[in-house]
There are 2 protein chains.
Amino acid sequence: MTATAPRTFPRKRASNGTARRTDADEIGLDALVGHAGYAVRRFQIWIFQDFIKTLGDVDIRPTQYSVLTVIGANPGLSQMAVAKRLGIERARLVHLLDSLEQRKLVKRVKSKADRRSHALHLTIQGETALAKFKRLAAEHERHVEAKIGKENRAQLLKILAGFT
Amino acid sequence: MTATAPRTFPRKRASNGTARRTDADEIGLDALVGHAGYAVRRFQIWIFQDFIKTLGDVDIRPTQYSVLTVIGANPGLSQMAVAKRLGIERARLVHLLDSLEQRKLVKRVKSKADRRSHALHLTIQGETALAKFKRLAAEHERHVEAKIGKENRAQLLKILAGFT
DNA sequence: GAAAGATTGTTGTTGACGACAACAATTGCC
DNA sequence: GGCAATTGTTGTCGTCAACAACAATCTTTC
């Protein structure tokens with residue numbers, strides 16, 4: 001655009017007299033402080049990033065973990081039931097299960113009772129893998145405790161119990 | 001509709017007589033209960049949906065609201081500073097500001113001190129609009145109180161204050 | 001004072017994710 | 001038997017985070 005590029009300017013030191021306020025600490029949030037949604041959002045981002053990192057070696061994301069956990073605790077569920085329970089779109093669950101089935105962690109068994117639906121089960125490797133995932137998830141949960149405090153985490157779980 | 005699915009009262013029963021466990025209430029979550037991330041995620045989805053619905057008439061989403069709030073409280077900030085403060089990618093902020101600028105709520109002023117950066121300001125309409133947004137956001141916050149309880153919300157804000 | 005490196009805004013891509021819509025196969029209902 | 005509803009699937013669209021590359025500009029360093 002502006003092809004003229006004579007940059008020989010007298011030194012305008014922006015960092016001398018006028019504070020530039022580029023540091024996050026100095027910037028006020030005004031009304032944002034006191035908004036539950038903002039705090040929850042930031043916390044959720046942090047917690048997911050820690051979960052993803054902690055379970056990075058096994059390459060399991062939070063949603064995948066929740067699917068495996070529910071299937072593990074309730075073998076034979078249909079995709080619709082899992083989707084409803086976890087608040088996932090059934091269209092989305094298709095891809096999630098495709099991935100998990102490809103990794104031999106889950107298998108779709110054609111249901112005898114309802115030939116439209118699939119009964120979801122963990123494979124043998126899925127069971128042992130989930131056990132490992134749970135250990136790593138527990139480690140992640142300890143990170144949360146370390147971040148906000150043990151009793152704060154317990155308090156939080158109690159407050160939000162109605163949403164699980 | 002996702003998180004707090006309305007209960008289906010009549011127990012569904014397959015033709016063969018075995019309970020089908022399609023209702024969410026009957027499905028256990030096993031290890032998922034006790035995971036802070038899961039509860040926080042579900043709560044965050046609920047809270048954002050209520051925010052979007054409550055500010056639906058003015059068509060303002062949570063992220064847009066946070067950007068407007070920070071600019072309103074700190075006029076003249078650069079895009080980089082806003083992005084850092086809110087934990088948004090600067091690439092993402094470009095589109096957000098494009099939209100807000102198109103709606104005449106925000107203006108990008110070429111900075112004198114640093115010709116690379118833009119000083120962000122609310123327009124006059126932006127100021128009055130933000131005032132209205134804040135009233136609606138306060139209404140949303142009352143919804144949160146009604147959902148989890150007044151002192152629970154306060155407790156939550158205290159616990160998560162470090163993430164803002 | 002000029003070269004080298006860092007920063008700012010921008011554009012683009014990728015992938016996870018939610019919301020919808022349409023479809024075939026199957027089931028339930030009347 | 002016929003018709004509406006359900007289940008899994010495929011596809012599209014839009015939001016959002018994470019990167020990468022780039023031009024313009026600033027800062028640092030020699």
Side-chain angles (χ1 to χ4, degrees), chain A residues 1-16 20 22-23 41-42 44-46 48-49 51-53 59-67 77-84 86-99 101 108-120, chain B residues 1-3 8 10 12-16 20 22 41-42 44-46 48-49 51-53 59-64 66-67 77-84 86-99 101 108-120:
Chain A
M1 343 259 202
T2 49
T4 63
R7 80 217 56 79
T8 45
F9 259 77
R11 268 305 118 67
K12 273 226 172 125
R13 299 198 32 215
S15 57
N16 57 358
R20 281 177 54 194
T22 53
D23 288 4
R41 172 94 176 117
R42 297 298 294 257
Q44 194 249 319
I45 290 175
W46 181 90
F48 264 49
Q49 280 175 347
F51 186 99
I52 293 170
K53 198 177 67 181
D59 192 28
I60 287 291
R61 317 191 94 254
T63 311
Q64 297 174 312
Y65 179 74
S66 69
V67 170
L77 281 187
S78 71
Q79 296 185 195
M80 194 60 202
V82 171
K84 254 188 198 159
L86 291 177
I88 304 174
E89 291 262 336
R90 68 185 199 274
R92 167 109 192 89
L93 189 59
V94 172
H95 300 296
L96 283 168
L97 288 175
D98 284 348
S99 162
E101 203 171 23
R108 290 186 247 223
V109 181
K110 281 196 282 187
S111 170
K112 263 292 190 187
D114 187 339
R115 305 212 317 272
R116 293 170 302 181
S117 67
H118 295 155
L120 301 175
Chain B
M1 55 167 4
T2 53
T8 53
K12 285 204 172 174
R13 208 157 262 284
S15 48
N16 56 11
R20 281 177 52 198
T22 55
R41 170 95 175 116
R42 298 296 293 256
Q44 194 248 321
I45 290 175
W46 180 89
F48 264 48
Q49 279 176 349
F51 187 99
I52 292 171
K53 198 176 68 180
D59 193 29
I60 287 290
R61 317 191 92 254
T63 311
Q64 295 175 314
S66 69
V67 170
L77 282 187
S78 70
Q79 298 184 193
M80 195 61 203
V82 171
K84 255 189 198 157
L86 292 176
I88 303 174
E89 291 261 334
R90 66 184 201 274
R92 166 114 190 85
L93 188 59
V94 172
H95 301 297
L96 282 169
L97 288 175
D98 284 349
S99 161
E101 202 170 25
R108 288 187 247 223
V109 181
K110 282 194 283 187
S111 170
K112 262 295 191 187
D114 189 339
R115 305 209 322 271
R116 295 170 300 180
S117 66
H118 295 154
L120 301 175

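Proteins get letters first, then strands, A, B, ... in listed order; numbering begins at 1 in each. Atoms considered below: every heavy atom in the structure, side chains included; atoms not considered: hydrogens, waters and symmetry mates.
A:Pro62 and A:Ile52 make their closest contact through CD-CG1, 3.8 Å (heavy atoms, listed as atom of the first residue, atom of the second, distance). Nearest heavy-atom pair across B:Arg42 and A:Leu86 is NH1-O, 3.1 Å. Closest approach of A:Arg61 to A:Phe51, counting heavy atoms only: C-CE2, 3.8 Å.
Residue contacts for B:Glu89: at a heavy-atom cut-off of 4.0 Å it reaches a base atom on one of the strands shown. Residue A:Gln64 is out of contact with every strand shown, counting any heavy-atom pair closer than 4.0 Å.
Set against C:dT10, D:dG8, C:dG18, the side chain of A:Ile88 has C:dG18 as its closest nucleotide. Closest to the B:His118 side chain, of the nucleotides C:dT8, D:dG8, C:dT10, is C:dT10. Distance from the side chain of A:Ala91 is smallest to C:dC20 among C:dT8, C:dC20, C:dT10. Taking every side-chain heavy atom of B:Arg41 into account, C:dC17 is the closest of C:dT27, D:dC26, C:dC17. The side chain of A:Arg116 lies closest to C:dT26, out of D:dT25, C:dG18, C:dT26. Looking at the side chain of B:Arg90, the nearest of the listed nucleotides D:dA17, D:dA21, D:dT6 is D:dA21. Minimum atom distance to the side chain of B:Val94 is reached by C:dG9, of the listed C:dG9, C:dT27, D:dA24.
A:Val94 is not listed as a side-chain neighbour of A:Arg90, based on a closest heavy-atom distance of 4.5 Å or more. Between A:Val82 and A:Ile88 there is no side-chain heavy-atom pair separated by less than 4.5 Å.
Regarding A:Leu93, its CG atom lies at a distance of 14 Å from the P atom of C:dA19, rounded to whole Å. Rounded to whole Å, the distance from NE2 on B:His95 to C1' on C:dG12 is 8 Å. Regarding B:Leu86, its CG atom lies at a distance of 15 Å from the C1' atom of D:dA17, rounded to whole Å. Taking atom CG on A:Leu96 and atom P on D:dG8, their separation rounds to 14 Å, with Å as the unit. One interatomic measurement links the two molecules: CE of A:Met80 to C1' of D:dT7, which rounds to 8 Å at whole-angstrom precision. The separation between A:Lys84 atom NZ and D:dG8 atom C1' is 14 Å, rounded to whole Å. Rounding to whole angstrom units, CD of residue B:Glu101 and P of C:dG9 are separated by 13 Å. Atoms CD1 (A:Ile45) and P (D:dT15) sit 17 Å apart, rounded to a whole Å.
Distance check: B:Glu89 CD to B:His95 NE2 gives 11.0 Å after rounding to the nearest 0.5 Å. Annotation: the span from A:Ser117 atom OG to A:Met80 atom CE amounts to 11.5 Å, rounded to 0.5 Å.
Residue order along DNA chain D, read from the 5' end via each residue's closest nucleotide, puts A:Ser117 first among A:Ser117 and A:Asp98. When each of A:Pro62 and A:Arg115 is assigned the nucleotide of DNA chain C bearing its nearest heavy atom, the one mapping closer to the 5' terminus is A:Pro62.
Looking at residues two or more places apart in sequence or on another chain, you find no side-chain hydrogen bond (donor to acceptor under 3.5 Å, both in side chains) involving B:Gln64.
Taking 4.0 angstrom as the limit, B:Gln49 places a side-chain polar atom (N or O) nearer than this to OP1 or OP2 of C:dA19. Taking side-chain N and O atoms only, A:Gln79 has no distance below 4.0 Å to OP1 or OP2 of D:dT6.
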Short heteroatom pairs, N/O only, protein and nucleotides 13-16 of chain C, under 3.5 Å:
from	atom 1	to	atom 2	distance (Å)
C:dA16	O3'	A:Arg61	NH1	3.0

